[in-house]
Amino acid sequence: MPIEPRQLASAIDSTRLTFVHGEPRADIIEALCREATAHGFAAVCVRLQDVMHARQCLGVHSPVALATVVGFPERKLTAEQEADYPVVGGVNTTTKFQEICQALSEGADELDVVMNVAYLKTDLECGGDFTRQELRGLMQCVGDAAPIKLIIETDLLDDAQIVAATRLCAEAGVAMVKTCTGMIEG
């Protein structure tokens with residue numbers, strides 16, 4: 001049975017998280033929101049600093065959800081750089097809570113939160129519980145206000161770590177597990 005274009009569109013998140021210096025950021029966010037509305041996309045995903053502008057563009061009662069990222073890398077990294085100095089998802093938990101509160105107060109409907117890769121690897125090597133505690137805290141912080149889609153950054157994990165991360169996400173009750181930020185090069 002063929003899928004109708006509108007059905008397919010309703011499963012798409014239109015995302016813009018990186019910009020080249022000098023690009024007209026506000027214009028790009030406006031175009032992203034217009035496109036998502038015109039095609040009936042599920043969501044628009046922007047960085048936290050663009051949430052308020054995107055909400056204004058979409059309107060308060062838009063059928064297009066507004067998603068934002070939490071604990072997201074500021075710049076692209078190589079796997080080697082990450083191995084030397086882990087930063088993916090490494091924003092401290094209190095900062096993630098603050099980002100979540102800001103995002104929700106500015107109109108975000110969904111939260112794409114990056115798992116702390118260093119916590120996960122340390123927990124698996126040493127029997128720690130940091131990842132589980134952070135996930136519980138994030139879920140408590142958000143409550144029913146918005147779904148959390150957790151990004152586990154599979155480019156930095158082996159198969160056993162991916163399985164462990166996914167199990168922790170399921171145990172915590174996140175709405176969805178996403179594979180990567182797209183910020184790891186090579």
| query | Is there side-chain contact between E82 and E153, with heavy atoms separated by less than 4.5 Å? | reply | no
| task | Specify the closest pair of heavy atoms between P73 and R47, including all atoms of both residues, with the distance to one decimal. | result | O-NH2, 2.7 Å
| field | Nearest-0.5 Å distance, CG of residue L17 to SG of residue C45 | value | 5.0 Å
| note | Between G107 and L66 the two heavy atoms that sit nearest each other are O-CD2, 3.8 Å
| request: Determine whether R34 and H39 make a side-chain contact, defined as any pair of heavy atoms from C-beta on separated by less than 4.5 Å. | output: no
| field | Any side-chain heavy-atom pair of L111 and P147 under 4.5 Å | value | no
| query | So which heavy atom on V91 is nearest to which on N116, and how close? | reply | O-ND2, 4.5 Å
| Heavy-atom distance under 4.5 Å between the side chains of L124 and Y119, does that happen here? | no
| task | Tell me yes or no: between the side chains of T78 and E185, is some donor less than 3.5 Å from an acceptor? | result | no
| said: Suppose we screen for ring pair (Phe, Tyr, Trp, His ring centres under 6.0 Å). Which residues come up paired with F97, at least two apart in sequence or across chains? | reply: none
| field | L157 side chain near L120 side chain, heavy-atom distance below 4.5 Å | value | yes
| Which atom pair, heavy atoms only, marks the closest approach of V51 to E106? | CG1-O, 3.7 Å
| request: Decide yes or no for I29 and V46: does some side-chain heavy atom of the first lie under 4.5 Å from some side-chain heavy atom of the second? | output: yes
| task | State whether a side-chain donor-acceptor pair under 3.5 Å links Q102 with Q98. | result | no
| request: Only counting residues at least two apart or in another chain, list the ones meeting salt bridge (Lys or Arg N to Asp or Glu O under 4.0 Å) with E110. | output: K149
| message | Tell me the closest heavy-atom pair linking C180 and I151, and the distance in Å. | response | C-CG2, 3.4 Å
| field | Nearest-0.5 Å distance, CG of residue L77 to OG1 of residue T181 | value | 8.0 Å
| said: Tell me every residue that passes side chain to side chain contact (heavy atoms under 4.5 Å, CB included) with E23, counting only those two or more places apart in sequence or in another chain. | reply: R16, F19, V20, I28
| said: As an exercise, state the distance from OG1 of T154 to CD1 of I152, rounded to the nearest 0.5 Å. | reply: 6.0 Å
| Between the main-chain N or O of G59 and the side-chain N or O of R55, is there a donor-acceptor pair closer than 3.5 Å? | yes
| query | For T37 and L58, what are the C-alpha separation, side-chain angles and deciding distance, and is it a side-chain contact (heavy atoms from CB on, under 4.5 Å)? | reply | CA-CA 8 Å; T37 300; L58 290 171; 3.7 Å; yes
| field | Inter-residue atom distance I162.CD1 - D155.CG, 0.5 Å rounding | value | 8.5 Å
| remark: Heavy-atom closest pair (E99 atom, G71 atom, distance to 0.1 Å) is OE1-N, 2.9 Å
| task | Determine whether E74 and M183 make a side-chain contact, defined as any pair of heavy atoms from C-beta on separated by less than 4.5 Å. | result | no
| message | Does L138 form a side-chain contact (heavy atoms from CB on, under 4.5 Å) with V142? I'd like the steps, not just the answer. | response | CA-CA 6 Å; L138 293 169; V142 174; 5.6 Å; no
